[in-house]
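Single-structure report; data block below.
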Amino acid sequence: MSINELNLPDFNIPDDMEGKVTVTTLDRLYNFGRRSSLWPMMFGLACCAIEMIAAQAARYDMARFGMEVMRPSPRQCDVMIVAGTVTKKMVPSIVRLYNQMAEPKYVVAMGACASSGGPFKEGYNVVAGIDKYLPVDVYIPGCPPTPQALMAGMIKLQEKIDKQSISKVRWYQKGPDSVEIAVPFLGPDLIDPRRIPDIKAKSAELAVAAVAPAAESSTEG
Amino acid sequence: MDSTKNTDVLDLANLYKDSVKADDRPGFSGFIIAKEKLFDIAKDLRDKYGYDYLSCVSGVDYPETNSMEVVYHAYRSSGGSALVFKTQVERVDPMEVPSLISIWPGVDLQEREIWDLFGIKFAGHPDLRRILMWEGFEGHPMRKDWKEAFYEEEAKPLKSRWPDGNHKYAEAKAAYGDNINFEAGFDPEKWTPTDPEEALYSALKKYQTEDVDGIKTDHLLINMGPQHPSTHGVFRAVVILDGEEIVSLKPVMGYLHRNHEKIGERNTFLQNIPFTDRLDYFNSMYSAWGYSLAVERLLGLAVPERAEYIRVIFGEMSRIQNHLILFGMLWNDLGAYFTPALYAFEERELMLDIFEAVSGSRMMCNYHRFGGVVRDIDPASMQKIKELVYERLPRKIEEFDRLLSENEIFVSRMKGIGYLSPEDCLAYSVSGPTLRAAGIPYDIRRAEPYGVYDRFEFDIPLRYNSDLLDRYLVRIDEIKQSVRILQQALRDIPEGPVLTGKPSYQIKVPAGETYGRVEAPKGELGYYVVSNGKGNPYRYKIRTPSFVNVTSVEKMCVGTKIADFVTILGMVDIVLGEVDR
């Protein structure tokens with residue numbers, strides 16, 4: 001938000017206070033602060049992470065947008081750039097990292113794999129997109145996205161933040177998933193705790209279906 | 001014994017008449033050893049016949065003949081081609097073959113991988129746990145009859161997409177609406193979780209120091225990774241510390257296991273080339289080379305001269321940028337946060353611009369084809385390469401060398417740390433610069449030349465102390481040699497076509513097996529490809545340098561300080577796309 005916009009609210013400021021006092025809304029002030037220093041988590045999964053580093057390096061220089069401070073600790077960062085293929089073995093850690101981030105927190109799915117599974121979607125150890133677990137704010141296409149694309153995505157995120165209102169953002173609401181996401185765990189396959197009733201019903205159904213043809217064939221035999 | 005040492009391939013079938021027979025399936029080579037004799041013969045191979053370097057262990061599943069096969073590729077460190085020997089086991093659980101870990105400790109992780117993915121047990125392996133998947137996962141996914149949740153058809157192109165696309169979301173077809181699969185009747189509420197970490201922690205040696213002063217001292221167990229600022233990607237190591245000293249260490253991997261091999265066996269041969277780019281994502285130009293080499297051997301395809309030179313040019317360029325990035329990241333780990341990395345990325349960007357100009361993509365070049373490369377270098381890019389190679393790079397490498405190599409803090413952090421004896425290097429199947437820093441002049445570009453490497457004059461850089469500093473210096477020298485090769489290649493590159501024959505999307509590859517290996521920047525990169533004459537590979541195994549080199553990390557780290565682990569790992573130069581595949 002430009003200084004001009006901040007300086008032109010719908011209130012008349014007395015002449016002698018001009019330039020010393022600014023009137024604005026709480027949302028604008030919050031959003032201005034949040035969007036102007038987005039600290040990404042230093043968290044690379046695969047190929048896309050290399051382009052993320054390249055975007056931080058001298059040629060592209062994300063520092064120009066206030067996104068240069070990469071923090072390895074989830075407690076200190078605002079945005080999680082999921083840069084790479086999300087595997088079943090890794091997803092519990094990713095969800096845990098997300099839960100540990102302090103709000104406001106945003107998720108950017110960088111590249112085809114994080115958005116949808118990408119070229120590896122059919123793989124048996126691959127989660128087809130991090131949005132199955134985390135609320136994603138911006139998807140960046142590409143395999144891998146170029147640093148320019150990453151920056152475009154991050155600017156998109158800034159635009160999104162500009163439009164937010166603290167009375168409506170997810171993490172200040174009540175309800176499931178508002179702050180913490182249930183951490184999936186590794187059983188015979190990846191189990192999402194939110195889907196346990198589903199899985200139970202489906203596997204019972206399959207068990208019945210498996211018994212029926214077996215019974216048929218045994219009567220035939 | 002001298003006469004047998006000189007012949008290139010040992011005739012095992014004649015030496016051990018009763019237990020070895022030559023593999024006479026069409027297109028196959030090597031020897032099939034009865035599994036009861038495998039251990040003894042393998043010991044002889046190492047001790048009597050000089051096969052001191054076991055490079056690759058692969059599992060292959062043959063449900064038609066009801067057998068599983070373990071294929072070994074052994075080499076002599078003095079050079080020469082592979083001795084391929086195999087052992088077969090009936091395809092009935094529990095399958096068991098003897099472990100060769102006491103002969104070549106380098107098979108450790110590879111045997112664990114075969115147990116994980118194929119379910120072949122290795123008798124005598126001290127720590128046979130799952131490695132890429134987690135403990136408790138159901139099934140062995142690389143078996144031919146194991147099907148993933150999004151399974152659609154045995155081989156591509158899928159009928160639902162080609163020739164008329166009426167594709168549905170895979171989620172809509174999968175039983176559970178997602179990429180998951182459970183046994184019928186599975187009840188997640190009644191399922192009792194087994195702790196996947198328990199086996200891991202019990203594999204670490206538990207220590208308790210003798211209490212001299214009457215104070216009981218426990219050792220400290222630390223998990224480094226998978227999310228850790230210094231680990232290169234999602235690598236995890238579990239270490240046990242005594243004070244600051246590492247007592248025991250186990251690498252844990254699989255956090256980026258994205259099933260290259262399973263997907264690769266469903267793909268057509270050509271579809272695998274873009275996937276090779278995503279193995280070692282720093283060097284996509286080199287990763288594809290090993291695969292195209294392997295398939296070209298099966299096809300009997302010659303590569304045009306110009307294409308061979310182009311491969312060398314881009315291969316050596318990616319070697320230079322790989323080593324530069326390694327230095328940048330190494331300094332990051334040492335505490336010089338990001339400034340050296342900025343210098344490294346400056347050069348890298350210049351090379352990526354050229355890659356993008358010729359291939360269309362910065363990182364995932366998808367540039368190789370069977371029988372050449374996909375397009376020629378345009379004159380403008382050629383000019384850029386020349387400027388880079390003749391003007392800029394030699395100067396910049398000198399600058400790097402001058403800035404960093406004699407830095408006192410750097411030297412004191414590197415000198416004498418992470419020692420691995422030359423014997424251990426070979427035993428652990430270490431390859432690449434780490435091996436050459438131990439004084440073993442083994443470089444596949446010389447030991448078993450491929451492409452046109454036999455035409456260039458270059459030295460194989462050697463150092464003898466086998467510590468971190470030497471591994472660093474070997475890489476500096478290697479960059480200089482790469483520049484030398486580049487200069488010769490740019491001088492000699494002929495005009496002509498860059499691809500044999502017409503480009504085709506679906507090729508039929510004659511039945512047979514082959515192993516194509518190249519000296520990638522990180523070490524030996526090999527592809528073991530089995531074809532059954534159809535349009536997609538029957539077996540597509542990737543032997544990656546990062547994965548095998550990780551085997552030796554424990555040996556290097558025990559006895560050093562915890563802070564050195566980060567540098568040692570950095571100097572092994574792993575990339576997780578290759579480690580986990």
Side-chain angles (χ1 to χ4, degrees), chain A residues 41-51 53-54 56-59 72-74 84-85 87-90 93-94 97 113 117 119-128 132 143-144 146-147 185-193 195-196 198-200 202-211, chain B residues 132-134 136-139 141 146 148-152 170-171 175-189 191 193 196 226-229 233-234 254-260 262-263 266 274-275 278 281-282 325 338 341-342 345-346 348-349 352 362-364 576-577 580:
Chain A
M41 178 146 55
M42 197 158 116
F43 167 66
L45 291 173
C47 333
C48 289
I50 312 304
E51 287 295 61
I53 301 170
Q56 297 282 0
R59 187 179 187 184
S73 162
T85 315
T87 62
K88 289 181 186 173
K89 204 168 171 177
M90 190 64 194
S93 313
I94 298 176
L97 283 169
C113 291
F120 298 100
K121 177 167 180 170
E122 61 199 284
Y124 49 84
N125 191 29
V126 175
V127 174
K132 295 226 153 91
C143 188
T146 54
F185 53 96
L186 299 170
D189 209 327
L190 185 72
I191 301 174
D192 184 348
R195 286 201 53 202
I196 281 181
D198 268 19
I199 293 171
K200 192 178 170 184
K202 186 72 198 168
S203 71
E205 193 185 304
L206 286 176
V208 173
V211 170
Chain B
L132 297 177
M133 302 306 284
W134 59 91
F137 180 74
E138 207 171 78
W146 195 94
E148 59 270 33
F150 284 167
Y151 170 81
E152 193 172 335
E171 278 88 347
Y176 289 88
D178 198 358
N179 192 7
I180 45 173
N181 233 339
F182 297 99
E183 212 182 322
F186 171 73
D187 185 353
E189 282 163 359
W191 171 76
Q227 156 69 357
H228 185 273
V234 283
Y255 294 98
L256 191 57
H257 178 47
R258 41 188 184 179
N259 329 115
H260 274 273
K262 190 82 180 173
I263 296 173
R266 302 235 188 273
F275 280 90
R278 285 155 182 82
Y281 31 81
F282 285 107
I325 300 265
F338 224 56
L342 288 179
F345 269 83
E346 194 185 351
R348 181 173 185 264
E349 288 291 339
L352 292 195
R362 281 158 54 85
M363 275 171 72
M364 307 304 176
L576 264 290
D580 295 341

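Because the structure is predicted, anything quoted here is derived from the model rather than measured. Residue numbers start from 1 in every chain, and the chains themselves are labelled A, B, ... in the order their sequence lines are given, proteins ahead of strands.
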Okay, Leu132(B) and chain A: the region with an atom under 4.5 Å from a heavy atom over there is backbone
Got a second to check how far Leu186(A)'s CG is from Ile191(A)'s CD1, nearest 0.5 Å? 8.5 Å
Check for a donor-acceptor pair, side chain of Asn125(A) on one end and backbone N or O of His257(B) on the other, with a separation under 3.5 Å. yes
Assess the residue pair Tyr124(A) and Phe150(B) against the criterion (ring-ring contact (aromatic ring centres under 6.0 Å, His included)); give the C-alpha distance rounded to whole Å, side-chain angles, the decisive distance to 0.1 Å, and a yes or no. CA-CA 8 Å; Tyr124(A) 49 84; Phe150(B) 284 167; over 10 Å; no
Looking at chain B, which one of Ala57(A), Ala46(A), Ala207(A) has the largest number of heavy-atom pairs inside 4.5 Å, strictly under? Ala46(A)
Using modelled atom types only, decide if a donor and an acceptor are shared between the side chain of Arg266(B) and the backbone of Tyr151(B) within a distance under 3.5 Å. no
Going by heavy atoms in the side chains, are Thr87(A) and Phe120(A) under 4.5 Å from each other? no
Can you tell which part of Ser93(A) gets under 4.5 Å to a heavy atom of chain B, answering side chain, backbone, both or neither? side chain
Structural part of Glu183(B) lying under 4.5 Å from a heavy atom of chain A: backbone
Under-4.0 Å salt bridge between Arg59(A) and Glu346(B): no
Could you look at Gln56(A) and say if it's the side chain, the backbone, both or neither that has a heavy atom under 4.5 Å from chain B? both
So what's closer than 4.5 Å to chain A heavy atoms on Phe345(B): side chain, backbone, both or neither? side chain
Is chain A contacted by the side chain of Tyr255(B), its backbone, both, or neither, given a heavy-atom distance below 4.5 Å? both
Phe282(B) versus chain A, heavy atoms under 4.5 Å apart: side chain, backbone, both or neither? side chain
Are side-chain heavy atoms of Asn179(B) and Val127(A) found at a separation under 4.5 Å? no
Chain B shares the most heavy-atom pairs under 4.5 Å, among Pro119(A), Ala204(A), Ala128(A), with Pro119(A)
According to salt bridge (charged side-chain N to carboxylate O under 4.0 Å, His left out), who are the partners of Lys132(A), at least two apart in sequence or on a separate chain? Glu171(B), Asp178(B)
Just to verify, what does Asp189(A) make a side chain to side chain donor-acceptor pair (under 3.5 Å) with, not counting sequence neighbours? Lys88(A)
Using a 3.5 Å distance criterion without hydrogens, assess whether the side chain of Gln227(B) forms a donor-acceptor pair with backbone atoms of Pro72(A). yes
Assess whether a salt bridge exists between Glu122(A) and Arg258(B), defined as any Lys/Arg side-chain N lying under 4.0 Å from an Asp/Glu carboxylate O. no
Side chain, backbone, both or neither of Ala49(A) within contact of chain B (heavy atoms, under 4.5 Å): neither
Among Ile199(A), Ile196(A), Thr85(A), which has the most heavy-atom pairs under 4.5 Å with chain B? Ile199(A)
Among Pro74(A), Gly187(A), Ala58(A), which residue has the highest count of heavy-atom pairs closer than 4.5 Å to chain B? Gly187(A)
Please rank Trp146(B), Phe137(B), Phe182(B) by heavy-atom pairs under 4.5 Å with chain A and give me the top one. Phe182(B)
Please identify, among Lys121(A), Arg195(A), Lys89(A), the residue contributing the most non-hydrogen atom pairs under 4.5 Å to chain B. Lys89(A)
Of the backbone (N, CA, C, O) and the side chain (C-beta and beyond), which part of Leu97(A) lies under 4.5 Å from a heavy atom of chain B, both, or neither? side chain
Interface residue of largest heavy-atom contact number with chain A, from Tyr281(B), Phe338(B), Phe186(B), under 4.5 Å: Tyr281(B)
Please determine, among Lys262(B), Glu138(B), Glu148(B), Glu349(B), the option with the most heavy-atom pairs under 4.5 Å with chain A. Glu349(B)
